[in-house]
Protein chains: 2
Amino acid sequence: MNEEAQDMRIRNKRATREAIGAAALRLAIEQGSPLVRVYDIASEAGVSPRTYNNYFSSREEAICAFQSDRARKMGQALLARPADEPLAEAVVAAVVEHATPEPDRVGLRMIMSTPELEGEALKAFAMAEEPLSAAIAERIGVDPARDTFPDVMAAAVAGAVRVAGRHWLNGDGRESFADVARRTLTHLLPAITRAAP
Amino acid sequence: MNEEAQDMRIRNKRATREAIGAAALRLAIEQGSPLVRVYDIASEAGVSPRTYNNYFSSREEAICAFQSDRARKMGQALLARPADEPLAEAVVAAVVEHATPEPDRVGLRMIMSTPELEGEALKAFAMAEEPLSAAIAERIGVDPARDTFPDVMAAAVAGAVRVAGRHWLNGDGRESFADVARRTLTHLLPAITRAAP
DNA sequence: CCCACAGATTGCGTGCCACGCATATAGTGC
DNA sequence: GCACTATATGCGTGGCACGCAATCTGTGGG
């Protein structure tokens with residue numbers, strides 16, 4: 001049962017990590033990010049402050065943990081798409097998967113409007129680039145160390161999703177995030193499809 | 001002479017800001033970013049520690065100030081290109097301008113390999129996006145609040161330059177940064193030229 | 001020439017936080 | 001039941017951001 005025991009531990013760690021992250025996000029939304037104290041986050045999550053920073057090394061990281069995990073999943077979603085699917089379709093599908101359930105408007109707006117969280121949010125999006133690049137490289141069969149195409153496309157796609165989030169927030173709220181993301185990705189399609197004829 | 005006096009003050013502020021930023025970068029390269037103390041940066045720049053954080057609110061911000069200013073200039077460079085130049089050419093030209101003089105390899109490598117600085121570096125690149133987007137929007141005559149194209153392209157271009165930096169660092173050093181950047185931007189050209197027929 | 005004023009620098013005090021170290025606890029395999 | 005490892009926690013230390021108030025500096029007016 002070694003593996004299962006390890007799984008148990010991993011699950012537990014993930015659970016507390018998510019608990020802390022959720023607590024941090026909730027408090028940041030309620031009180032505003034700069035006012036949140038580490039002690040409060042830890043209390044809310046039911047752990048010691050010392051334990052809190054076994055998981056996160058800054059308040060920003062804890063608040064944006066949700067975004068980070070989302071971004072990671074977006075990259076992995078592309079890897080999981082069927083290999084015979086055209087690259088452009090696979091990318092759009094992976095992004096749309098990642099967009100469900102709809103992001104939390106209030107939380108996203110809080111993050112976007114807080115300069116201190118901006119860097120962390122950008123890091124979260126950047127985290128999606130490596131798996132995206134790997135998936136693209138594998139799909140079109142090039143070496144990402146030699147050819148810059150996968151990295152460039154990954155960065156462009158991540159950027160398009162980020163821009164979609166911004167426009168979705170500023171919009172009138174009647175368009176779903178997935179639709180906005182589809183529109184932004186459309187602008188990239190000529191570049192994406194060019195390399196996968 | 002009111003205006004000139006104001007100019008003088010602005011120049012002075014800019015000078016001390018650059019002095020502090022340069023000192024921070026130099027010390028970070030020499031000793032490694034986490035070992036640099038605020039007191040040392042301030043001493044090196046000839047100001048008080050208290051003055052240092054009138055200009056920067058974190059060590060990371062000071063160390064990456066040079067990158068931030070660079071990124072800003074890249075955005076403004078596009079605005080300054082002749083209006084009749086095709087968008088794709090103007091973008092490439094602006095990036096190449098921004099690439100001279102060649103970035104400092106050691107400094108860039110230090111920043112790229114320090115996780116704490118990663119967020120700040122990403123913020124620096126993101127700063128270039130707004131002027132880039134504005135320039136693109138003006139050039140093709142669309143409203144950036146309605147049309148996502150300028151923002152998406154700005155993010156893609158900034159991402160391509162960032163990727164170029166990474167590949168340039170990992171390369172054998174015989175290719176200039178400008179050349180690598182040209183290659184990465186080439187991958188975006190189909191998307192860029194599509195909207196400016 | 002002196003004064004008033006605004007902007008910039010600086011010193012000091014306060015509160016917050018990241019992190020190393022040592023310890024307690026819990027869950028696992030033998 | 002026992003040894004072991006991973007995790008949680010307490011405590012202490014050092015560093016840093018920032019508010020506040022005093023000081024310094026350069027500028028323009030009387």
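Here the structure is a predicted model, which is why all the values come from computation and not from measurement. In what follows, chains are A, B, ... by sequence order, proteins preceding strands, each numbered from 1.
- Counting to the nearest Å, the P atom of D/dC16 and the CZ atom of A/Arg59 are 17 Å from each other.
- The existence of a salt bridge linking A/Glu129 and B/Arg162 is confirmed by a sub-4.0 Å separation between a basic side-chain nitrogen and an acidic carboxylate oxygen.
- Judged by distance alone, the side chain of B/Arg109 and the main-chain N or O of B/Leu169 form a donor-acceptor pair under 3.5 Å.
- Rounded to whole Å, atom P of C/dC17 lies 16 Å from atom CD of B/Glu60.
- Other residues sharing a hydrophobic cluster with A/Ile20 under the 4.5 Å side-chain heavy-atom criterion for ILVMFWY residues are A/Leu27, A/Val36, A/Val38, A/Ile41, A/Val47, A/Tyr52, A/Tyr55, A/Phe56.
- Formation of a donor-acceptor pair under 3.5 Å by the A/Arg81 side chain with backbone atoms of A/Ala94 is not found in this model.
- For the pair B/Arg183 and B/Trp168, the NZ or CZ position fails the cation-pi test of under 6.0 Å to the six-membered ring centre and within 45 degrees of the ring normal.
- We find that CD1 of A/Ile41 is positioned 12 Å from C1' of C/dC16, with the value rounded to whole Å.
- Straight-line distance from the OH atom of B/Tyr39 to the C1' atom of D/dG14: 16 Å, rounded to whole Å.
- What separates CG of B/Asn53 from C1' of D/dC20 is a distance of 13 Å, to the nearest Å.
- When atom types are taken as modelled, the side chain of B/Arg139 and the backbone of B/Glu85 share a donor-acceptor pair closer than 3.5 angstrom.
- Rounded to a whole Å, the CZ atom of A/Phe56 is 15 Å from the P atom of D/dT7.
- Here the C1' atom of nucleotide D/dT7 and the CZ atom of A/Arg14 are 17 Å apart, to the nearest Å.
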Polar-atom pairs under 3.5 Å, protein N or O versus N or O of nucleotides 8-12 of chain D: list them with distances, or write none.
| from | atom 1 | to | atom 2 | distance (Å) |
| --- | --- | --- | --- | --- |
| D/dA8 | OP1 | A/Tyr55 | OH | 3.1 |
| D/dA8 | OP2 | A/Tyr55 | OH | 3.1 |
| D/dT9 | OP2 | A/Ser48 | N | 3.0 |
| D/dT9 | OP2 | A/Thr51 | OG1 | 2.4 |
| D/dG10 | O6 | A/Arg50 | NE | 3.1 |

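- The interatomic distance linking B/Glu116 (CD) with C/dC19 (P) rounds to 8 Å, in whole Å.
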